[in-house]
Amino acid sequence: MAEITISLPDGSQRSLPDGATAITLAESIGARLAKAAVAAVVNGDERDLGDSLPDGAQVAIITAGSDEGRHVLRHSTAHVLAQAVTQLFPGAKFSIGPAINDGFYYDFELPGGRTFAEADLEAIDARMREIMKADQPFVRAELPAAEALQVFADQPYKCEIIERVSSGAADSDDAGEIGSGETISVYRNTPEFVDLCRGPHVPSTGRLGHFKLMKVAGAYWRGNEKGPMLQRIYGTAWASKTELEEHLHRLEEAEKRDHRKLATELDLLSFPQELGGGLAVWHPKGGIVRKLMEDYSRERHEKGGYQFVYTPHLANANLFETSGHLGWYKDGMYPAMEMDNGTYYPKPMNCPMHCLIFGSRQRSYRELPLRLFELGTVYRYERAGTLHGLMRIRGFTQDDSHIYCTEDQLQDEIASLLDFVMSVLRAFGFHDFTANLSTKDPQKYTGSDENWDRATEALRLALEKYGLEYKIKEGDAAFYGPKIDIDVKDAIGRTWQLSTIQCDFNLPERFELEYVGADNARHRPIMLHRALFGSVERFFGVLVEHYAGAFPTWMAPVQARVLPVAEAHQGYAEQVVEQLRSAGLRADLVDANDQLGKRIRAAKLEKLPYVLVVGDDDVAHGTLGVNPRGGEVERGVALPEFIQRVQAEVASDLRS
RNA sequence: GCCCAGGUAGCUCAGUCGGUAGAGCAACGCACUCGUAAUGCGUAGGUCAGGAGUUCGAUUCUCCUCCUGGGCUCCA
């Protein structure tokens, strides 16, 4: 019997009988590997374990515990979901069902316009487990398009995909389903159930099982708002029971830090129904944190060479005609107020007003870069279904700056901006940054190609110079210019897009902004839009989730709570509070009406940085019992020493 | 805007197959005066999101509106 030779990732080689498959290879290496195997990479392509290996192939086994392996498990589980739904809902059409982060989904159209309810998930889950127990094989076949159309004759969405692929009009969505070769690949589980798929898949459904169906949702076919709305089922799937449980646990942990939940629990702010959707009121505790954020921002901007401006919340419609926003974003603006001297709108952005300030008098090149800064509150009529706590809100405040500079200054200005951005973000406890550079959308842009190229290059060079890791997002820029967005990673590893630096060729043109150059001629400035927090509200929401409500001492609403052990210590406790406050600390006192343990518990639930207990010993010696958040109790600390420690802690938090 | 699920006391929730509601915590009062995560007893608190309809009677059933949550789409 002939033999073939296979190369492994570690460079070693193995001889196997002709016709050997990846699973035979895995078995020859070790039983544990064979057990963990779900697919293989053969000469760079992902393949099924059951495929025979060509002689001389480079082969790597994909195991369930790897990212690629989980992807295979999830995709295979999606097929099982589709089979279960088509069994339970005869006549159901299925469209696409990819693996996604942490899981998978599948989109369906149910007969008679029926929709899924959460309660259906239980039956679907049970049926899926039966299918897995039946250990159905995943059998690959490759068909010519015409034949595939017959196989899926009663599946219009599948036919649409096949037609798009065979006519060469496939996009990335389709390719994920069936690849882009000459033939259409399908995977069959039973005589009845077959699905389009590029693969690879696990050998059989028995290999699956550590999954959970999470939720049902509507989703537009091919993401088209005008197209039909399909019924989507989301699930999560993992290589082992432990992995699945860990994932569910992570979700629970994330839920505990949800800023909307913590905003209520910690009395930070609320969204009264009486106000209308997407509008918040800030309570004193949230208010002090916000004030600290804003004060810090102002201080840094002042030192950073920014000039502070203020602009009104309303403007005549003419302004937004000039800026062009009324033309592009009218649907997203609060409606017009018709007055006897014209039509007014709440402002959806600050930039046009800053342009008015620039244009209010003749400008010299000596003034550039001119950096205007404002905590500017804007109103946008976000569509009802898009609102999300503080993260997507209708009234919000931007830490907005517009920088007018010459082309020569652009690159340095951006580089120093990056420096400024990271430095400020570090003060708020973020240390892991990545960037995105968004480039021109050829379908939708204004300004000359030359300007776009130069500005994009300036942004790119600034990123390189700063040494920040970045990805290019082709075509993701706003219509008026390229931009850099900064993503930060939070305490539990989620990324948030926060800061943005955007070039704008549009507004200087529309507002006919000019400065007089050294050559005594008039020139058009380049305008940069930039925000560090983005929106103060959203940034606050991200901070709440990042810190899980336990704000660092410098921004905690109450830094220290003084608790007298008994009524006899009330007077001393009051003196302590007095001294803490004169030292600039935010302190309060809860008197001895309740038991000490109860008052400590309450303070801990409020996540205060320090609880200070004072009793007989302390009255006698001028000391405190210090109970720090997440630390050990320390008795007999002298008051001045405590103050000094906290001040040092605050100073060190803010050193960035 | 679209699909699904919701809205009951300040908070977290239970409940009513149609006869106007209950718990825990919080609040308030009294007693306890306590050294590091829940003392005991008592009191008060609700147009059951809002409106319309069906009904002898609606918090419960139907419809509409508002708001919230999960998605889709969108995000200057």
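This one's a predicted model, so the numbers in the text were calculated from it and none came from an experiment. Sequence lines set the chain letters: A, B, ... in the order given, protein chains first and strands last, and positions in each chain run from 1.
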Tell which nucleotide pairs with [N], taking only Watson-Crick or G-U wobble pairs whose two distances are both under 3.5 angstrom.
| N | result |
| --- | --- |
| G22(B) | C13(B) |
| C74(B) | none |
| C48(B) | none |
| U54(B) | none |
| G42(B) | C28(B) |
| G6(B) | C67(B) |
| C34(B) | none |

For [X], report the nucleic acid contact type (base, sugar-phosphate, nothing); a contact means any heavy atom under 4.0 Å.
| X | value |
| --- | --- |
| G385(A) | base |
| A566(A) | base |
| E382(A) | nothing |
| Y105(A) | nothing |
| G625(A) | base |
| Y480(A) | sugar-phosphate |
| G389(A) | sugar-phosphate |
| F116(A) | sugar-phosphate |
| N224(A) | nothing |
| D616(A) | base |
| G278(A) | sugar-phosphate |
| G332(A) | base |
| K598(A) | sugar-phosphate |
| R383(A) | base |

Can the ring centroids of F104(A) and Y106(A) be said to lie less than 6.0 angstrom from one another?
->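 No, they do not, as the ring centres are separated by 6.0 Å or more.
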
Between F539(A) and W496(A), is the ring centre distance below 6.0 Å?
->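 When the ring centroids of F539(A) and W496(A) are compared, they turn out to be at least 6.0 Å apart.
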
Determine, for [X] against [Y], whether the closest basic-nitrogen to carboxylate-oxygen distance falls under 4.0 angstrom.
| X | Y | value |
| --- | --- | --- |
| E253(A) | R257(A) | no |
| R494(A) | E545(A) | yes |
| R114(A) | D120(A) | yes |
| E160(A) | R164(A) | yes |

Which listed nucleotide ([options]) is nearest to the side chain of [X]?
| X | options | result |
| --- | --- | --- |
| I600(A) | C34(B), A37(B), U73(B) | A37(B) |
| A592(A) | C75(B), A37(B), U33(B) | U33(B) |
| L387(A) | U68(B), G35(B), A76(B) | U68(B) |
| Y234(A) | A5(B), G1(B), G71(B) | G71(B) |

Can you tell me, in whole Å, how much space there is between the [atom1] of [N] and that of [M]?
| N | M | atom1 | value |
| --- | --- | --- | --- |
| C48(B) | G7(B) | P | 14 Å |
| U12(B) | G50(B) | C1' | 24 Å |
| G19(B) | G57(B) | C1' | 7 Å |
| G15(B) | U59(B) | C1' | 11 Å |
| U62(B) | G6(B) | P | 12 Å |

Spell out yes or no: do the side chain of [X] and the base of [N] have one donor N/O and one acceptor N/O closer than 3.5 Å?
| X | N | answer |
| --- | --- | --- |
| Y220(A) | G1(B) | yes |
| R392(A) | C74(B) | yes |
| Q273(A) | C66(B) | yes |
| D618(A) | G35(B) | yes |

Please state how far atom [atom1] in [X] lies from atom [atom2] in [N], giving the value in whole angstrom units.
| X | N | atom1 | atom2 | answer |
| --- | --- | --- | --- | --- |
| W221(A) | G71(B) | CH2 | C1' | 18 Å |
| M229(A) | G1(B) | CE | C1' | 9 Å |
| L326(A) | A76(B) | CG | P | 17 Å |
| D267(A) | A27(B) | CG | C1' | 13 Å |
| M391(A) | G70(B) | CE | P | 11 Å |
| L563(A) | U36(B) | CG | P | 12 Å |
| D594(A) | C28(B) | CG | C1' | 12 Å |
| D331(A) | A76(B) | CG | P | 14 Å |

Strictly below 4.0 Å: does [X] bring a side-chain N or O up to OP1 or OP2 of [N]?
| X | N | value |
| --- | --- | --- |
| T115(A) | C4(B) | yes |
| H388(A) | G70(B) | yes |
| R260(A) | G70(B) | yes |

Supply the atom-to-atom distance L121(A) CG to M214(A) CE, rounded to the nearest 0.5 angstrom.
->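 Result: 10.5 Å between the selected atoms.
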
Interatomic spacing from CE in M337(A) to OH in Y344(A) - rounded to 0.5 Å |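 Here the interatomic distance stands at 10.0 Å.
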
Counting only heavy atoms not in H621(A), do more than 12 fall under 6.0 Å of its NE2?
->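 No, not enclosed.
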
